[in-house]
Enquirer: 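Provided herewith is a single structure, encoded as structure tokens, for subsequent inquiry.
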Amino acid sequence: MPPLLKETRYKMKNRKYSINIKNLMLSMMLWQGISLSAFSHEGVDHTGSGTSEVPELPDCQILAATRLFDGINFPQENMAVLIEGNTIKQVDSLTKLNGLCVNQINLGDATILPGFIESHAHIRFQNVDKNIVLEHGITTVQETGGPLFASEGGQGTLRLFSVGPIIQAVGGYPLNIFGGGDGGYDKIGIHVASITEAEEVVTTLVAGGATAIKIALEPGGEMGAPWMQPHAGVLPPPTPWPILSQDITNAIVAKAHELGKRVLVHVGENTGFERALNAGVDEFAHIPCAEIDEDLLQRAVDQGVTFVTTIDTLSSCVNSATQKGIHSNTMSLASKGAKFIYGSEIGHDNVPWGINGEELHKILHLTSGESIDFADVVNVLKSVTSKAGEHLRLAPLGTLTPGAPADVIAVRGNPFEKFKILEYPELVISGGRTIVNKFINQLSATTLECFFAWAEGTYPNELAPTGASTEVSNAYSYRYYSSTNAYLGVSSVDNHVYYMKAEDGLLQNAGPLSNWLPVSGCQ
């Protein structure tokens with residue numbers, strides 16, 4: 001234990017010594033990374049998960065702004081959304097919703113949208129910080145290759161769905177590039193060598209929580225493909241790489257469909273593309289890198305297969321001799337009426353951990369034909385909201401319609417004119433819980449006084465007597481409660497609420513202040 005913290009605790013426990021506020025606040029700063037239980041014992045999770053705790057959901061809240069996009073229709077002006085608990089209740093004008101809830105925020109010249117859905121990511125495999133992803137407007141992620149885990153999140157945390165490891169041929173992709181070895185349910189890939197083995201793996205994946213099944217049909221060799229570049233200083237093995245046989249591929253798809261699961265496929269060229277179509281896959285996890293025959297592209301459209309874009313990630317996939325590759329494939333598919341959903345491949349080393357404005361830009365310009373109109377812009381944003389939710393079989397997730405999960409983001413200005421501003425949402429709500437809210441000054445004296453007064457009235461056993469004066473020391477605005485010998489403060493470093501009982505000296509992180517303000521009615 002740091003000597004300073006020992007000194008502070010000693011002074012707290014022995015009342016004949018005065019409380020050394022300066023040392024206390026410094027100790028709190030030192031211990032700010034600790035995340036324990038919230039300051040109350042109501043509405044919090046004491047499972048010891050190590051994440052910041054959250055308060056009870058507000059009964060209701062209304063958000064109004066100059067523009068609102070519900071994920072389906074053209075954006076509407078001067079609309080508001082009513083949230084009840086963790087669910088979207090109604091979208092209408094503020095005038096019509098006004099009497100239904102007193103907890104309201106008018107965001108002004110801003111746009112309200114559904115939380116965005118990332119349909120291709122490797123969060124756990126690449127050790128991506130889930131909190132950063134959520135804070136940057138992605139509220140739901142399909143994890144397309146990595147350790148198997150049950151679905152999680154959605155109530156103030158990133159909603160994450162796993163497909164588990166990618167099923168692959170022995171000696172093939174992705175284990176020949178990422179990690180090597182025999183693979184397994186905790187790896188990026190898992191080998192199968194027979195129909196029986198393949199069916200057993202699918203069954204185990206589904207039983208373990210996989211929401212879809214992913215396979216690799218990648219023989220390698222595509223010019224400009226990331227998997228053809230050195231990894232950790234090691235060149236990829238000679239191509240062609242072994243891929244699953246048609247019989248094994250067919251068996252995987254049939255077993256997955258029997259168990260009610262979609263099948264995703266990683267392919268990069270004609271051989272794997274055709275094999276996937278023959279088996280009846282549901283989704284291409286990337287638009288292929290190499291030029292694909294036109295008849296195969298038409299087959300894919302006719303079969304109703306969905307394409308996850310990842311155009312930004314694979315933008316170097318172009319044959320220098322023919323100038324054909326991912327861009328020409330995308331344009332050809334669009335001209336044939338293909339279905340696209342947004343994917344940026346979070347976890348890749350050249351894309352942001354959140355909404356990727358460049359991916360949206362590339363989707364717009366490659367799928368809109370000879371000219372771009374407003375409907376094309378709307379369709380791009382549908383690909384990351386309602387269309388994604390529908391394809392992932394999670395509808396009405398990705399919309400602001402009655403009954404949909406209350407996943408909401410908002411940005412200042414008009415993202416239908418500039419996608420880039422979507423990378424910096426100033427409001428993020430997950431399952432009704434506010435993660436980010438930069439539309440209000442959380443640290444204003446009025447807001448803090450309101451919050452402290454509410455907390456004292458709500459948790460009198462922990463915070464007494466009421467009406468203590470608010471002090472400021474270093475990064476903290478705080479109150480000391482002499483009867484309960486406790487401190488409640490808000491840090492300007494991270495805008496989190498912190499609580500500490502003087503006798504144990506443990507600083508407890510009660511999560512973002514923005515999460516408490518809707519409950520307290522102080523926003």
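Heavy-atom basis, side chains included; hydrogens, waters and symmetry copies ignored.
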Enquirer: Atom OG in S430, atom CD1 in I409: separation rounded to 0.5 Å?
Expert: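 Rounded to the nearest 0.5 Å, the OG-CD1 separation comes to 12.0 Å.
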Enquirer: Any salt bridge linking E426 with R412? Criterion: basic side-chain nitrogen under 4.0 Å from a carboxylate oxygen.
Expert: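 So E426 pairs with R412 through a salt bridge.
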Enquirer: With the side chain counted from C-beta on, respond yes when N437 and L517 share a heavy-atom pair under 4.5 Å apart, and no when they do not.
Expert: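 The answer is no; the side chains never approach within 4.5 Å.
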Enquirer: Regarding N250 and Q246, is there a side-chain donor-to-acceptor distance under 3.5 Å anywhere?
Expert: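 Present: a donor and an acceptor within the cut-off.
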Enquirer: Check for a donor-acceptor pair, side chain of W516 on one end and backbone N or O of A510 on the other, with a separation under 3.5 Å.
Expert: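 Yes: the side chain of W516 pairs with the backbone of A510.
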Enquirer: Is the shortest side-chain heavy-atom distance between Q61 and V81 below 4.5 Å?
Expert: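 The answer is no; the side chains never approach within 4.5 Å.
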Enquirer: Between atom CD1 of I72 and atom CG of L381, what is the distance when rounded to the nearest 0.5 Å?
Expert: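 Spacing of CD1 (I72) from CG (L381) equals 13.5 Å.
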Enquirer: With a 4.5 Å heavy-atom cut-off, do L244 and Q168 have their side chains touching?
Expert: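 When only atoms from C-beta onward are counted, Q168 and L244 do not touch, as no gap falls below 4.5 Å.
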Enquirer: When you check the gap from the basic side-chain N to the acidic O, do E118 and R159 get nearer than 4.0 Å?
Expert: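 Answer for the salt bridge query: no.
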Enquirer: Determine whether more than 12 heavy atoms belonging to other residues, nucleotides or ligands lie under 6.0 Å from atom CG of D295.
Expert: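 Yes - once you tally the heavy atoms of other residues, nucleotides and ligands closer than 6.0 Å, there are more than 12.
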Enquirer: Report, as yes or no, whether the 6.0 Å neighbourhood of atom NZ on K387 holds more than 12 heavy atoms from other residues, nucleotides or ligands.
Expert: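 More than 12 heavy atoms, drawn from other residues, nucleotides or ligands, come within 6.0 Å of this atom.
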Enquirer: Looking only at the side chains, is there a donor atom on one of N73 and D70 sitting less than 3.5 Å from an acceptor on the other?
Expert: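 On atom types as modelled, these side chains qualify, holding a pair under 3.5 Å.
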Enquirer: Identify the heavy atoms of S514 and I435 that sit nearest to each other, and give their distance.
Expert: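 Nearest heavy atoms, S514 then I435: OG-O, 3.2 Å.
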Enquirer: If the plane angle is over 60° it's perpendicular, under 30° parallel, otherwise tilted; pick one for F273 and F284.
Expert: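 Parallel, since the angle between the ring planes stays under 30°.
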Enquirer: Looking at side-chain heavy atoms only, is the closest gap between V308 and F340 below 4.5 Å?
Expert: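 The answer is no, as the side chains (C-beta and beyond) never meet within the 4.5 Å cut-off.
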Enquirer: Are Q298 and D302 close enough that a side-chain donor and a side-chain acceptor fall under 3.5 Å?
Expert: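 A pair is found: one side chain offers a donor N or O, the other an acceptor, under 3.5 Å apart.
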Enquirer: For I177 and P237, work out which heavy atoms get closest and say how close.
Expert: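 I177 and P237 have their closest heavy atoms at CD1-CD, 3.8 Å.
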Enquirer: Ignoring hydrogens and angles, tell me if any N or O in the side chain of T87 forms a donor-acceptor pair with the backbone of K89 under 3.5 Å.
Expert: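 No: the side chain of T87 does not pair with the backbone of K89.
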Enquirer: Under a 3.5 Å threshold, yes or no: a donor from one side chain and an acceptor from the other, between E423 and H136?
Expert: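 No, no side-chain donor-acceptor pair sits under 3.5 Å.
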Enquirer: Between E359 and K362, is there a salt bridge with N-O shorter than 4.0 Å?
Expert: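 No, no charged N to carboxylate O under 4.0 Å.
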Enquirer: If you apply the rule side chain to side chain contact (heavy atoms under 4.5 Å, CB included), what do you find for V206 with I213, and how did you get there?
Expert: CA-CA 8 Å; V206 173; I213 300 297; 4.2 Å; yes
Enquirer: Would E294 and K336 pass as an ion pair if we require N to O under 4.0 Å?
Expert: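 A salt bridge links E294 with K336.
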Enquirer: Quick one: closest heavy-atom pair of A290 and E269, and the distance?
Expert: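 Reported closest heavy-atom pair: CB-CB, 4.0 Å.
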Enquirer: If we ignore hydrogens and angles and just use 3.5 Å, is the side chain of T401 paired with the main-chain N or O of A404 as donor and acceptor?
Expert: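 Side chain of T401 to backbone of A404, a donor-acceptor pair under 3.5 Å: no, none is there.
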Enquirer: Nearest heavy-atom pair of V163 and G145: which atoms, and what distance?
Expert: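 That would be CG2-N, 3.5 Å.
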Enquirer: Just verifying a value: how many Å separate I346 CD1 and S119 OG, rounded to the nearest 0.5 Å?
Expert: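 So the gap between those two atoms works out to 10.5 Å.
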Enquirer: Strictly under 6.0 Å, is that where the ring centroids of W353 and H348 end up?
Expert: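 Distance test on ring centres: not under 6.0 Å, no.
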Enquirer: With a 4.0 Å cut-off on N to O distance, would you call E152 and R124 a salt bridge?
Expert: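 Salt bridge: yes.
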Enquirer: First locate atom CD1 of I341, then atom OG of S386, and finally report the distance between them rounded to the nearest 0.5 Å.
Expert: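 These two atoms lie 11.0 Å from each other.
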Enquirer: Determine the interplanar angle of the W241 and Y173 rings, folded into 0 to 90°, and report it as parallel if under 30°, tilted if 30 to 60°, perpendicular if over 60°.
Expert: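 Because their plane-to-plane angle is under 30°, the rings of W241 and Y173 count as parallel.
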Enquirer: How far apart are the closest heavy atoms of G164 and S162, and which atoms are they?
Expert: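 Heavy atoms only, the tightest pair is N-OG, 2.9 Å.
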Enquirer: Judged by modelled atom types alone, do E283 and H391 share a side-chain donor-acceptor pair under 3.5 Å?
Expert: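 There is such a pair (donor and acceptor under 3.5 Å, judged by atom type) between the side chains of E283 and H391.
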Enquirer: Closest approach of L217 and V265, non-hydrogen atoms and distance?
Expert: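 That closest heavy-atom pairing would be CD1-CG2, 3.8 Å.
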Enquirer: Between S344 and N356, is any side-chain donor less than 3.5 angstrom from a side-chain acceptor?
Expert: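 Yes, N356 and S344 have a side-chain donor paired with an acceptor closer than 3.5 Å.
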Enquirer: In terms of ring plane angle, is the pair H361 and H365 parallel, tilted or perpendicular, where the classes change at 30° and 60°?
Expert: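 Answer is tilted, since the angle falls between 30° and 60°.
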Enquirer: Would you tell me whether T144 and Q142 have side-chain atoms, one donor and one acceptor, within less than 3.5 Å of each other?
Expert: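 There is no such pair between these side chains.
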Enquirer: Establish, yes or no, whether a centroid distance under 6.0 Å links the rings of F116 and Y342.
Expert: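 When the ring centroids of F116 and Y342 are compared, they turn out to be at least 6.0 Å apart.
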Enquirer: Could you verify whether a donor N or O on one side chain and an acceptor N or O on the other, from N329 and E291, lie under 3.5 Å apart?
Expert: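 N329 vs E291: no donor-acceptor pair found between side chains.
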Enquirer: Centroid-to-centroid, F74 to F69, below 6.0 Å?
Expert: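 No, the ring centres sit 6.0 Å or more apart.
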Enquirer: Could you measure the distance from the CE atom of M331 to the CD1 atom of I326? Nearest 0.5 Å is fine.
Expert: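 Answer for the CE-CD1 pair, M331 versus I326, is 11.0 Å.
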Enquirer: Look up atom CZ in F416 and atom CG in L422, then write down how far apart they are to the nearest 0.5 Å.
Expert: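 That separation rounds to 8.5 Å.
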